[in-house]
Amino acid sequence: MLTRRQFAIGSVAMTSAGIIGRRIVEAGVTHFNTPLPVPRLVDAAKQGNAVSLKIAAGRHAFVHGKPATTYGYSAPILGPVIRMRRGDEIEMTVENALDTVTTVHWHGLLVPGDCDGGPQQLIRPGDRWRPILKIDQPAATLWFHPHPHHDTGRQIYMGLTGMIIVDDGTDARLGLPRTFGIDDLPLILQDRSFSADGSIEYETDGLSIVYGARGGTVIVNGVVAPLAKVPPGLVRLRLLNAANAQNFVLRFSDQRTFYVIASDGGFLPAPVAATELTISPGERFEVLVDFANGAVALETGPDEEMGIFGRLAPDGSAEYVPVMRFETTTKPLVKEMPTRLVELSAASQASAVRRRQFIVSSGICMNRTQAGEHTDMVALTGINGQTFDMERIDVETKLGTNEVWEVVSAGMAHPFHIHGASFRILSIAGAPPPSHLAGWKDVVLVEDRAELLVSFNQPATRDHPFMYHCHILEHEEAGLMGQYVCV
Ligand code: C2O
Ligand code: CU
């Protein structure tokens, strides 16, 4: 039987030449002289906790001199970083100025189902949506993006992504880098494919349904190959993988050690030293990097889960490619790393009231696993043998309880995400999670299987259920999604 990697590489051999050919063209733009754009910071408390977003099309040049049509939240592309304080109530006003229907999902925010912005909560062109968001969760880096069924992948690819920072006072208490745009930097990582005229090319052919939509060019905060000037001390990077499908395997060009301080749902108990970090679609990590030694590049390695499709090197090899550069200014702001961060309760199976299993498959892979070979290319994309149905509630949970969810990936790795809840990883591929995955999460890349201890603390009814799905957006849209209520 073929291993996963052999299979992935073998099955696409006939198309690889074309793909590599296009990447050579795309990679010609890496000069690292575009200053890193820092999204506008909207500090909700400073404007009476009322925040407005206007969703509209805009123009943005990824390739110099070739502006493309993009989408953004009150910006030509991407959107602001919204800072929200724990304990506050934010009145959001979201206006849809697109000519198509959308929704706004607050990914990672723990709010009731009717504020969550899932596929049921459509905002029609010209309409406004005004949810009230009660912020009651630990400090974390979250994000927002569209979720209209069958158009999520395209709308995010066109530029609809924003970040949320929840602040609960921990930053100041621990003396962490927190000067936004200086030593506290949002880095929104994505990949894109462009046409010869510089426009965004969102492909939905058969292969991108299998592997998700990918592009040969990495963009950070909406630009290709940016340069950031940072103080020569500790800098906090808020990493968000907002790609449709690509896993980024991040390291610095000098392979320096950096420290992971937070995952999706908040701080870890202590900084975790790392030289390489995999971040899958939907995931966030906050890292502290010491720039005392001067200039360095951030690189990404091949996404080996996807065989040749996951490679970004212009020659199609497994080399790491630089995605952005850092140079230093003169004065460090923060030099000292805290040794302890927050208290985290032990994650214990014993607190779970029940156990469920979710077998996730994107067609082709499930078939291969079941039959031991890939004879039939057409198979179901879904969970537990069922493809997504907005009319069907798949799971009923009880408010205030914990459950163990065992997620099994049949075939390739899937980044599994749950709305309206945070979880702790009990085991991953049969082993306890590595330290940087042992804190609060809402996405986990499941290559084999993972057991999650999920805390259900937000209500959701049949009219506005919560979703769980693969965050490879083309898998989600092909039906790798389910819904749960919590009452
Ligand atoms: Cu980023 Cu259904 O979510
Ligand atoms: Cu998937």
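No hydrogens, no waters, no symmetry mates; every other heavy atom, side chains included, goes into these values.
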Inset, instruction - Please confirm whether the backbone N or O of G108 pairs with a side-chain atom of Q137, one donor and one acceptor, at under 3.5 Å? - result: yes
Inset, instruction - Examine distances only and state if a side-chain atom of D315 and a backbone atom of S317 form a donor-acceptor pair shorter than 3.5 Å. - result: yes
Inset, instruction - Considering only NZ, NE, NH1 and NH2 on the basic side and carboxylate oxygens on the acidic side, decide whether R284 and D264 come within less than 4.0 Å. - result: yes
Inset, instruction - Compute the ring centroids of F456 and W405, then answer whether they are less than 6.0 Å apart. - result: yes
Inset, instruction - Look at R238 together with D184 and state whether they make a salt bridge at an N to O cut-off of under 4.0 Å. - result: yes
Legend entry - Salt bridge D394-R392, side-chain N to carboxylate O under 4.0 Å: yes
Legend entry - Under-4.0 Å salt bridge between R85 and D43: yes
Inset, instruction - Look at the side chain of R83 and the backbone N and O of D167, then say whether any donor-acceptor pair between them is shorter than 3.5 Å. - result: no
Tabulate below the donor-acceptor pairs under 3.5 Å that side-chain atoms of residues 218-230 make, not counting sequence neighbours, or state none.
unit_1, atom_1, unit_2, atom_2, d
N221, OD1, I188, N, 2.8
N221, ND2, P37, O, 2.9
N221, ND2, P186, O, 2.9

Inset, instruction - With rounding to the nearest 0.5 Å, note down the distance linking CG in N49 to CE in M92. - result: 10.5 Å
Inset, instruction - Measure the acute angle between the ring planes of Y468 and F416, then classify it against the limits of 30° and 60° as parallel, tilted or perpendicular. - result: tilted
Legend entry - More than 12 heavy atoms of other groups within 6.0 Å of Q357 CD: yes
Legend entry - Spacing of S193 atom OG and Y157 atom OH [to the nearest 0.5 Å]: 4.5 Å
Inset, instruction - Is it possible for you to check whether R192 lies under 6.0 Å from the centre of the six-membered ring of F62, through NZ or CZ, and within 45° of that ring's axis? - result: no
Inset, instruction - Could you grab the distance from atom OG1 of T70 to atom CD1 of I77, nearest 0.5 Å is fine? - result: 5.0 Å
Legend entry - Between H414 and H471, ring centroids under 6.0 Å: no
Anything under 3.5 Å between a donor and an acceptor, one on a side chain of residues 124-132, the other on a protein residue two or more places apart or in another chain? List them.
unit_1, atom_1, unit_2, atom_2, d
R128, NH2, E95, OE1, 3.3
R130, NH1, T93, OG1, 3.3

Inset, instruction - Say whether, by atom type as modelled, one donor and one acceptor occur between the side chain of Q458 and the main chain of L110 under 3.5 angstrom. - result: yes
Legend entry - Centroid-centroid distance, H419 to H147, less than 6.0 Å: yes
Legend entry - Salt bridge R462-E396, side-chain N to carboxylate O under 4.0 Å: yes
Inset, instruction - To the nearest 0.5 Å, tell me how far L240 CG sits from Q190 CD. - result: 7.5 Å
Legend entry - E276 side chain to Y320 side chain, donor-acceptor N/O pair below 3.5 angstrom: yes
Inset, instruction - Under the side-chain hydrogen bond (donor to acceptor under 3.5 Å, both in side chains) rule, collect the residues that match up with N96, sequence neighbours excluded. - result: none
Legend entry - No-hydrogen, no-angle side-chain donor-acceptor test under 3.5 Å, D197 and S199: yes
Legend entry - Gap separating the CG atom of L277 from the CD1 atom of I279, nearest 0.5 angstrom: 6.5 Å
Legend entry - Within the 6.0 Å centroid threshold, strictly below: H107 and H417: yes
Inset, instruction - Mark yes or no for whether Q121, through its side chain, and D114, through its backbone, hold a donor-acceptor pair below 3.5 Å. - result: yes
Inset, instruction - Look at E406 together with R449 and state whether they make a salt bridge at an N to O cut-off of under 4.0 Å. - result: yes
Inset, instruction - Output the distance between atom CG (L187) and atom CD (E286), rounded to the nearest 0.5 Å. - result: 11.5 Å
